[in-house]
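Notes for the one structure printed next.
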Amino acid sequence: MLALSRRARSQGKSIAFVPTMGALHAGHLSLFRRARATHDRVAASVFVNPLQFGPREDFTRYPRPVARDNRLSRESGVDWLFRPSTRALYPPGSTTRVVPGPMGSRYEGAVRPGHFTGVLTVVLKLLQTVEPDTLILGQKDAQQAALVGAMMRDLDVPARLLVAPTVRERDGLALSSRNAYLTPDERRRAAGLHRALAAGRAAARAGARDVRRIEAAVRVALRLTARPNRIDYVAVAIRLGRTRLIDNVTVTPR
Ligand code: AMP
């Protein structure tokens with residue numbers, strides 16, 4: 001991977017990189033197309049990173065449709081699809097980790113201890129292996145994008161970060177490989193996640209500035225629409241059955 005990238009770089013080509021865990025959907029493909037439109041070479045990776053999964057999470061059952069991912073990435077303009085093995089990335093004895101600042105222990109990090117240490121460690125390793133001009137991540141995982149951006153600044157990674165907008169289903173549900181776990185009833189309720197965020201945004205736009213008021217609007221809407229089995233935090237992540245879904249909207253104060 002590094003040899004390919006360095007050869008292209010020496011020929012003056014710009015390189016974008018999109019890391020994924022595979023089970024590609026239209027959200028991933030929009031990142032590939034964004035990369036294709038703005039760079040000479042597009043590198044993507046598929047790696048289900050064991051380091052970012054907790055002991056009781058879905059690492060083993062995470063979907064791995066290899067042939068389909070190969071085809072979809074080729075059709076969406078990926079030049080190089082990088083599929084490292086776990087052994088290649090984490091050979092025995094590799095114990096160094098990239099630990100995020102305090103924001104890494106909030107929200108997703110509070111529910112999934114160690115998750116962002118796993119994410120930052122693998123993203124830094126992948127960045128060292130691809131040496132892209134631009135790293136492209138999705139807004140869907142807002143906390144991840146913020147922490148990766150902080151890591152790149154803090155550790156002087158010589159690439160820029162581009163955060164691309166969330167791609168949604170018609171009913172507002174953000175595309176996610178984990179949506180495949182939902183039963184038909186859970187899938188219907190899942191649309192309530194985005195609807196509840198919209199209620200929070202509406203409250204903010206209507207002038208609410210107290211975070212607790214905005215949160216309350218989101219929680220009320222969530223209980224009515226998604227009827228989640230549990231609300232992990234309002235910023236927002238919920239459980240439908242055993243599946244965790246996260247989503248976010250940004251609100252610009254006027
Ligand atoms: P994942 O394969 O879930 O690790 O996601 C790989 C990249 O795709 C991450 O940067 C995600 O934020 C991004 N991504 C996932 N779902 C979406 C979506 N619905 N819209 C835009 N980007 C997404």
Side-chain angles (χ1 to χ4, degrees), residues 16-38 42-54 57-59 61-66 68-70 72-73 76-78 81-84 86 89 100 107-109 112 115-127 130 132 134-152 157 159-182 187 190-191 193-194 197 235-237 243-250:
F17 173 48
V18 183
T20 81
M21 299 202 300
L24 300 177
H25 52 64
H28 298 115
L29 305 190
S30 78
L31 305 190
F32 296 161
R33 290 198 199 95
R34 173 68 67 98
R36 179 75 282 161
T38 50
V42 177
S45 60
V46 170
F47 182 62
V48 185
N49 175 31
L51 218 56
Q52 72 188 64
F53 286 78
E57 292 180 7
D58 54 346
F59 175 72
R61 70 175 185 135
Y62 200 85
R64 291 166 172 84
V66 176
R68 182 171 184 275
D69 285 352
N70 289 348
L72 288 174
S73 55
S76 310
V78 173
L81 186 65
F82 180 43
R83 286 186 178 280
T86 303
L89 276 199
Y107 306 123
E108 279 298 279
R112 308 181 69 187
H115 171 68
F116 287 117
T117 294
V119 169
L120 294 190
T121 301
V122 80
V123 170
L124 184 62
K125 287 173 66 71
L126 292 168
L127 283 167
V130 180
T134 308
L135 173 69
I136 304 185
L137 299 177
Q139 172 66 27
K140 213 266 250 135
D141 300 282
Q143 192 181 3
Q144 168 173 282
L147 289 170
V148 168
M151 172 190 75
M152 292 169 74
V157 174
R160 75 184 189 111
L161 171 63
L162 195 156
V163 182
T166 303
V167 177
R168 300 178 178 283
E169 303 279 9
R170 287 170 64 104
D171 65 3
L173 176 64
L175 296 187
S176 163
S177 307
R178 290 190 168 100
N179 293 350
Y181 300 154
L182 299 170
R187 171 63 189 82
L193 182 52
H194 183 247
L197 283 167
V236 159
T243 304
R244 286 190 81 243
L245 298 178
I246 62 172
D247 199 351
N248 67 89
V249 297
T250 45

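The model shown is predicted, which means the values in this text are computed figures rather than measured ones. Both backbone and side-chain heavy atoms feed into the values below; hydrogens, waters and symmetry mates do not. Sequence positions, counted from 1, serve as the residue numbers for this chain. Indexing begins at 1, ligand by ligand and atom by atom, following the structure's order.
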Give the contacting part of His28 toward ligand 1: side chain, backbone, both or neither, where contact means a heavy-atom distance below 4.0 Å. side chain
Identity of the nearest option to atom 9 (C) of ligand 1, non-hydrogen atoms only, from Gln144, Glu169, Lys140: Gln144
protein heavy-atom neighbour closest to atom 14 (N) of ligand 1 works out as Asp141 OD2, 4.3 Å
Less than 3.5 Å between some nitrogen or oxygen of Leu175 and one of ligand 1, yes or no? yes
Heavy-atom closest pair (Pro50 atom, Thr86 atom, distance to 0.1 Å) is CG-CG2, 3.8 Å
I need the contact type for Arg168 against ligand 1. Using non-hydrogen atoms and a strict under-4.0 Å cut-off, is it side chain, backbone, both or neither? neither
So among Arg178, Arg64, Arg112, which one has a salt bridge (Lys or Arg N to Asp or Glu O under 4.0 Å) with Asp58? Arg178
Protein contact of atom 13 (C) of ligand 1 - nearest heavy atom, named by residue and atom, plus distance: Leu31 CD1, 3.7 Å
The residue among Val163, Leu137, Asp141 that forms side-chain contact (heavy atoms from CB on, under 4.5 Å) with Val148 is Leu137
Residue from Asn179, Asp171, Thr243 passing side-chain hydrogen bond (donor to acceptor under 3.5 Å, both in side chains) with Arg187: Asp171
Where Leu175 and Lys140 come nearest, the two heavy atoms and their spacing: O-CE, 3.7 Å
Would Leu137 count as being in polar contact with ligand 1, using the rule that some N or O on each side must be under 3.5 angstrom apart? no
The protein heavy atom nearest to atom 22 (N) of ligand 1 is Gly138 CA, 3.7 Å
The protein heavy atom nearest to atom 20 (N) of ligand 1 is Val167 N, 2.8 Å
Going by an N to O cut-off under 4.0 Å, is there a salt bridge joining Asp247 and Arg168? yes
Among the heavy atoms of His25, does any lie under 4.0 Å from an atom of ligand 1? yes
For Ala190 and Leu182, which heavy atoms make the closest approach, and how far apart are they? CB-CD1, 4.0 Å
Give the residue and atom name of whichever protein heavy atom lies nearest to atom 4 (O) of ligand 1, and the separation in Å to one decimal. Met21 CG, 3.5 Å
Do His28 and Leu72 have side chains that approach each other closer than 4.5 Å (heavy atoms only, starting at C-beta)? no
Nearest-neighbour protein heavy atom for atom 6 (C) of ligand 1, which is reported as residue plus atom name and distance: Pro19 O, 3.4 Å
So which heavy atom in the protein is nearest atom 21 (C) of ligand 1, and how far is it from that ligand atom? Pro165 O, 3.4 Å
Check Ile246 against Leu193 and note the closest heavy-atom contact, atom names and distance. C-CD2, 4.1 Å
